[in-house]
Peer 1: 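Please read through the structure below; I'll follow up with questions.
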Amino acid sequence: MTKGILLLHGPNLNLLGTRQPEVYGSTRLADIDAAVKRHVSPFDIELRAAQSNHEGALVDSLHEARNWADGVVFNPGAYTHTSLALRDAIVAIELPVIEVHLSNVHGREAFRHQSLLAGVCLGQIAGFGWQGYILAVDALLRRWGMLDEPAAAAT
């Protein structure tokens, strides 16, 4: 049975590859989407990617995901620290959402240490660059029984 994953990117992520590469890396957003698509290709996964700089558009994408997706990998960018609307949308859609950040937000400015979204997400992955998206997708695949647990975890 096909599972659906929404790969959702928030504000300023359209500038990846050129925006503060010392913080966010040099990988472009299109390259991240392509890498995740390649990663899920062996599985029966429908992957849709979206990016917006607008809070309401991100809320709309989350609402639309209710109709087709089984999980969401979401980098909310700076809205992580400010958006009750996104928090409420995550609660409302009743889908597992994994919050992803390219940089280690907990090692940066104090205002980035608090996520208004983490408490309503399945989990948070931060500081692993673009590979964080792969880790998040793998967490969903494991949740759905589509990916085996690592051997060390079974003991």
Side-chain angles (χ1 to χ4, degrees), residues 1-81 83 85-87 89-90 93-108 112 115 117-118 120-151 153:
M1 173 181 244
T2 301
K3 294 283 191 182
I5 297 176
L6 172 60
L7 186 59
L8 188 57
H9 311 282
N12 299 310
L13 293 168
N14 56 305
L15 300 178
L16 287 178
T18 60
R19 175 187 175 223
Q20 294 178 275
E22 68 282 1
V23 175
Y24 300 107
S26 58
T27 305
R28 296 174 312 127
L29 185 61
D31 297 329
I32 292 171
D33 290 345
V36 175
K37 187 171 196 145
R38 279 191 307 276
H39 185 71
V40 301
S41 65
F43 303 96
D44 192 12
I45 298 290
E46 176 184 358
L47 180 74
R48 297 184 195 176
Q51 186 277 329
S52 181
N53 295 314
H54 305 282
E55 184 178 30
L58 295 168
V59 169
D60 289 342
S61 291
L62 288 167
H63 288 183
E64 291 165 12
R66 289 179 11 165
N67 299 318
W68 67 270
D70 299 285
V72 179
V73 173
F74 186 20
N75 184 339
Y79 287 134
T80 301
H81 321 291
S83 182
L86 287 172
R87 180 186 176 93
I90 291 168
I93 64 172
E94 298 180 338
L95 293 172
V97 176
I98 300 177
E99 181 184 329
V100 173
H101 298 283
L102 295 162
S103 68
N104 178 3
V105 292
H106 304 288
R108 296 182 62 195
R112 296 186 195 275
S115 169
L117 311 181
V120 295
C121 289
L122 181 62
Q124 182 190 71
I125 298 171
F128 293 98
W130 69 267
Q131 296 96 336
Y133 291 93
I134 301 297
L135 294 170
V137 166
D138 283 355
L140 289 174
L141 294 174
R142 283 191 178 90
R143 181 178 178 88
W144 299 327
M146 299 175 77
L147 190 63
D148 292 334
E149 292 291 330

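In what follows, every heavy atom counts, from backbone to side chain, and hydrogens, waters and symmetry copies are set aside.
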Peer 1: Could you go through Val36 and Leu47, starting from their C-alpha distance and side-chain angles, then the distance that decides it, and tell me whether this counts as side chain to side chain contact (heavy atoms under 4.5 Å, CB included)?
Peer 2: CA-CA 9 Å; Val36 175; Leu47 180 74; 3.8 Å; yes
Peer 1: Among all residues two or more places apart in sequence or in another chain, which pass the side chain to side chain donor-acceptor pair (under 3.5 Å) test with Glu55?
Peer 2: Ser83
Peer 1: Locate the shortest heavy-atom distance separating Val73 from Val100; write the atom from each residue and the value.
Peer 2: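 For Val73 versus Val100, the nearest heavy atoms are CG1-CG2, 3.7 Å.
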Peer 1: Looking at every non-hydrogen atom in both residues, tell me the closest pair between Ile90 and Val97 and how far apart they are.
Peer 2: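 Nearest heavy atoms, Ile90 then Val97: CG2-CG2, 3.9 Å.
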Peer 1: Look up atom CG in Leu122 and atom CG in Leu140, then write down how far apart they are to the nearest 0.5 Å.
Peer 2: 7.0 Å
Peer 1: Quick check for you: to the nearest 0.5 Å, what is the distance between Phe74 atom CZ and Leu117 atom CG?
Peer 2: 6.5 Å
Peer 1: How long is the gap from SG on Cys121 to CG on Leu95, to the nearest 0.5 Å?
Peer 2: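 With rounding to 0.5 Å, SG (Cys121) is 11.5 Å from CG (Leu95).
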Peer 1: Who passes side-chain contact (heavy atoms from CB on, under 4.5 Å) against Ala35, sequence neighbours left out?
Peer 2: Arg38, Trp130
Peer 1: Could you work out, with side-chain contact (heavy atoms from CB on, under 4.5 Å) as the rule, every residue matching Leu147, not counting sequence neighbours?
Peer 2: Phe43, Asp138, Leu141, Arg142
Peer 1: Taking all non-hydrogen atoms of both residues into account, name the closest pair between Tyr79 and Asn53 and its distance.
Peer 2: OH-O, 3.3 Å
Peer 1: Listed by chain and number, what are the side-chain contact (heavy atoms from CB on, under 4.5 Å) partners of Ala139, not counting sequence neighbours?
Peer 2: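 In terms of side-chain contact (heavy atoms from CB on, under 4.5 Å), with neighbours along the sequence ignored, Ala139 is linked to Ile98.
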Peer 1: Tell me the closest heavy-atom pair linking Glu99 and Pro76, and the distance in Å.
Peer 2: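 Shortest heavy-atom contact: CG-CD, 4.1 Å.
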Peer 1: CE/Met146 to CE/Met1 distance, rounded to the nearest 0.5 angstrom?
Peer 2: 11.0 Å
Peer 1: Side-chain polar contacts of residues 2-10 - donor-acceptor pairs under 3.5 angstrom, sequence neighbours left out - could you list them?
Peer 2:
{"residue": "Thr2", "atom": "OG1", "partner": "Asp44", "partner atom": "OD1", "Å": "2.8"}
{"residue": "Thr2", "atom": "OG1", "partner": "Asp44", "partner atom": "OD2", "Å": "3.0"}
{"residue": "His9", "atom": "ND1", "partner": "Tyr133", "partner atom": "OH", "Å": "3.3"}
{"residue": "His9", "atom": "NE2", "partner": "Asp33", "partner atom": "OD1", "Å": "2.7"}

Peer 1: Between Leu102 and Leu16, is the side chain to side chain contact (heavy atoms under 4.5 Å, CB included) condition met? List the steps.
Peer 2: CA-CA 10 Å; Leu102 295 162; Leu16 287 178; 3.5 Å; yes
Peer 1: Would you indicate whether the side-chain heavy atoms of Val105 and Ser103 approach each other to under 4.5 Å?
Peer 2: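 A side-chain contact under 4.5 Å exists here.
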Peer 1: Just to verify, what does Arg143 make a salt bridge (Lys or Arg N to Asp or Glu O under 4.0 Å) with, not counting sequence neighbours?
Peer 2: none
Peer 1: Please table the atom pairs, donor to acceptor, closer than 3.5 Å between any side-chain atom in residues 57-67 and protein atoms at least two apart or in another chain.
Peer 2:
{"residue": "Ser61", "atom": "OG", "partner": "Ala57", "partner atom": "O", "Å": "3.2"}

Peer 1: Can you tell me how far the CD1 atom of Ile45 sits from the CG atom of Asp70, to the nearest 0.5 Å?
Peer 2: 8.0 Å
Peer 1: Quick one: pull up CD in Gln51 and CG in Leu29 and give me the separation to the nearest 0.5 Å.
Peer 2: 6.0 Å
